[in-house]
There are 2 protein chains.
Amino acid sequence: MRSVQDAMDALNGKWKIAIISSICCYGKRRFTDILNDVEGVSNRMLSKELKELEINQLIKRTVLNTQPITVEYELTEHGNTLQAIITELSDWGIVHRKKIVGK
Amino acid sequence: MRSVQDAMDALNGKWKIAIISSICCYGKRRFTDILNDVEGVSNRMLSKELKELEINQLIKRTVLNTQPITVEYELTEHGNTLQAIITELSDWGIVHRKKIVGK
DNA sequence: CGGCATCCTTACAGATACTG
DNA sequence: CAGTATCTGTAAGGATGCCG
């Protein structure tokens with residue numbers, strides 16, 4: 001019961017799922033890349049959501065020693081376990097949309 | 001991709017999952033019962049979230065012809081399909097909590 | 001009993017500009 | 001490039017009171 005809330009807390013915010021999907025899809029992904037992948041997100045929000053995902057140990061942030069600096073984001077092992085849930089949510093979302101919007 | 005967002009939209013708000021869990025757990029549940037089940041929710045919020053759940057055809061609202069009136073809420077067939085997701089979320093939430101808070 | 005109306009406070013999030 | 005800082009509007013949500 002509380003555990004469901006824990007899970008939702010880790011995924012809340014408008015962009016987290018899209019961000020995870022972007023990173024997951026490419027394996028590794030840079031800040032600006034994600035900014036472009038996720039339609040509508042601002043750098044401010046992206047920064048904030050990435051930070052929260054990192055705190056929750058769903059993604060890993062790596063600073064590369066280049067000039068100018070490059071930052072790579074990738075899913076952690078723990079982050080990867082989300083895939084099953086995302087898939088289920090996606091499946092249900094499709095059914096749900098058909099149900100509500102009509103076929 | 002959008003479908004995940006559709007699913008999240010249907011489940012957003014602070015209380016929806018708890019409300020669904022309450023109804024689901026008992027089969028049928030009345031307004032005040034849910035108000036007591038879900039710790040911290042106000043009648044204003046409960047009313048609002050129930051309405052949204054009803055619009056999304058996840059719950060069914062039935063007014064009984066008593067004095068004073070009684071209202072019963074129950075999950076629709078469509079609402080019941082959420083159980084799989086809620087279970088998965090719950091499982092993941094438990095793992096996640098262990099991971100973050102530490103065992 | 002089961003809400004709705006109102007008021008009010010805070011959290012969320014966009015736009016823009018700036019920094020190492 | 002990868003963010004931070006600030007400023008601002010909106011919306012979520014709590015408290016309370018009223019009504020059929």
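Here is the naming used below: chain letters follow the sequence lines, and residue numbers restart at 1 for every chain. Computed from a prediction, not measured in an experiment: that's the story for all the values here.
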Has the side chain of A/Lys51 got a donor or acceptor atom that lies under 3.5 Å from a matching backbone atom of A/Ser47? no
Does A/Thr70 reach the main-chain N or O of A/Leu64 with its side chain, forming a donor-acceptor pair under 3.5 Å? no
Which heavy atom in B/Ile85 sits nearest to a heavy atom in A/Glu88, and how many Å separate them?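 Looking at all heavy atoms of both residues, the shortest contact is CD1-O, 3.8 Å.
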Show the nearest heavy-atom pair for residues B/Asn56 and B/His78, with the distance to one decimal.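 The answer is O-CD2, 3.9 Å.
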Heavy-atom check, side chain of A/Ile20 versus side chain of A/Leu82, under 4.5 Å: yes
Find out whether A/Leu50 and A/Phe31 are in side-chain contact, i.e. whether some heavy atom of one side chain is under 4.5 Å from a heavy atom of the other. yes
Kindly write out the residues that satisfy side-chain hydrogen bond (donor to acceptor under 3.5 Å, both in side chains) with A/Ser3, not counting sequence neighbours, or none if the list is empty. B/Ser90
My understanding is that only residues two or more places apart in sequence, or in another chain, count here; which of them pass side-chain hydrogen bond (donor to acceptor under 3.5 Å, both in side chains) with B/Asn80? B/Gln83
Salt bridge check, A/Glu52 against A/Lys16: does any charged N sit closer than 4.0 Å to a carboxylate O? yes
D/dC1 phosphate, OP1 or OP2: any side-chain N/O from A/Tyr73 under 4.0 angstrom? no
What are the bounds, 5' to 3', of the part of DNA chain C that sits under 4.0 Å from heavy atoms of chain B?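 Nucleotide range with atoms under 4.0 Å of chain B: C/dC1 to C/dT6.
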Holding to side-chain contact (heavy atoms from CB on, under 4.5 Å), I want the full list of residues that pass it with A/Asp33, two or more places apart in sequence or in another chain.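 A/Asp33 satisfies side-chain contact (heavy atoms from CB on, under 4.5 Å) with A/Arg29, A/Arg30 only.
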Under 4.0 Å from any atom of DNA chain C, heavy atoms only: list the residues of residues 53-66 of chain B that qualify, in numerical order.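 Per residue number, the list reads B/Arg61.
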For the pair made of CD in A/Glu72 and C1' in D/dA2, what is the distance, rounded to whole Å? 13 Å
In B/S/- notation, 5' to 3', how is nucleotides 4-20 of chain D contacted by protein heavy atoms closer than 4.0 Å? B-B------BBBBB---
